[in-house]
Amino acid sequence: MSEQARDRFELPKEMRSMAEARLDQARKTFEKFLSGAQQTAGTIEERGATVRAGAKDIGAKAVSYAEKNVQASLDYAQSLLQAKDLTEVMRLHSEYVQTQMRSLAEQASEMGQIVSRAAMDAAKPKN
């Protein structure tokens with residue numbers, strides 16, 4: 001490029017200063033954006049850990065309930081095998097159903113509390 005062509009494309013000093021200031025402002029704004037995004041990502045990771053912990057509690061409780069319910073069913077089946085007559089079968093069945101209904105209601109209540117607590121923990125702001 002000739003010196004004359006270079007001079008034609010050169011920005012006036014004021015425009016260059018203004019462009020540099022805008023570029024510096026844009027760079028600072030972008031750095032603030034990145035910093036905010038990193039903080040948000042950190043918060044999401046922390047909440048993710050909280051959610052994972054809550055999910056782990058929920059999963060453990062669900063497995064515990066399943067074990068308890070399967071054991072109750074096996075005990076019920078065992079008791080049916082030892083029943084002497086139809087009247088005893090009907091009594092055992094009635095007791096089993098009532099016990100299971102109470103147990104399922106308690107389990108549903110406990111699970112609701114665990115899920116609510118996990119949701120509240122996940123929603124808490126991390127300071």
Side-chain angles (χ1 to χ4, degrees):
M1 241 189 201
S2 70
E3 192 175 336
Q4 190 178 30
R6 207 174 336 130
D7 288 344
R8 258 193 326 208
F9 291 103
E10 191 171 313
L11 292 171
K13 218 178 202 179
E14 297 81 20
M15 284 187 79
R16 180 180 298 279
S17 294
M18 189 170 73
E20 287 173 353
R22 298 271 180 175
L23 182 59
D24 188 49
Q25 183 181 10
R27 187 181 315 272
K28 287 177 183 175
T29 300
F30 183 66
E31 287 170 359
K32 285 181 184 178
F33 169 78
L34 283 180
S35 176
Q38 289 168 345
Q39 287 176 344
T40 300
T43 300
I44 288 171
E45 286 176 13
E46 290 171 5
R47 288 190 180 172
T50 302
V51 169
R52 284 189 298 277
K56 186 176 180 180
D57 290 345
I58 291 166
K61 194 54 112 169
V63 168
S64 170
Y65 292 155
E67 289 173 350
K68 182 179 177 182
N69 294 336
V70 167
Q71 188 60 49
S73 295
L74 292 172
D75 291 346
Y76 169 62
Q78 182 67 41
S79 68
L80 287 176
L81 291 175
Q82 297 171 358
K84 295 177 181 74
D85 56 30
L86 186 57
T87 303
E88 189 173 3
V89 167
M90 295 306 292
R91 181 185 58 77
L92 291 170
H93 180 71
S94 177
E95 289 172 1
Y96 171 74
V97 169
Q98 289 175 9
T99 301
Q100 283 304 104
M101 292 302 287
R102 278 194 304 272
S103 181
L104 292 173
E106 289 171 12
Q107 292 170 8
S109 175
E110 288 176 15
M111 188 62 82
Q113 291 171 9
I114 292 168
V115 169
S116 293
R117 190 169 36 251
M120 288 180 2
D121 287 347
K124 283 182 187 173
K126 301 292 180 185
N127 294 331

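Source: prediction; values computed, not measured.
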A.B. asks: Tell me, with the steps shown, if R91 and E88 meet side-chain contact (heavy atoms from CB on, under 4.5 Å).
C.D. replies: CA-CA 5 Å; R91 181 185 58 77; E88 189 173 3; 3.5 Å; yes
A.B. asks: Parallel, tilted or perpendicular for Y96 and Y76, by the 30°/60° rule?
C.D. replies: parallel
A.B. asks: Applying side chain to side chain contact (heavy atoms under 4.5 Å, CB included), name anything that partners Q98, two or more places apart in sequence or on another chain.
C.D. replies: S94, R102
A.B. asks: Other residues, nucleotides and ligands only: do more than 12 of their heavy atoms fall within 6.0 Å of CE on M111?
C.D. replies: yes
A.B. asks: Enumerate the residue pairs fulfilling side chain to side chain donor-acceptor pair (under 3.5 Å) with a member in residues 107-116, sequence neighbours excluded, ordered by first and then second residue.
C.D. replies: Y65-E110, N69-Q107, S103-Q107
A.B. asks: Write down the atom of L92, the atom of S79, and the distance for their closest heavy-atom approach.
C.D. replies: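 Result for this residue pair: CD1-O, 3.4 Å.
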A.B. asks: Distance check, rounded to the nearest 0.5 Å: L104 atom CG versus E106 atom CD?
C.D. replies: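 Rounded to the nearest 0.5 Å, the CG-CD separation comes out at 9.5 Å.
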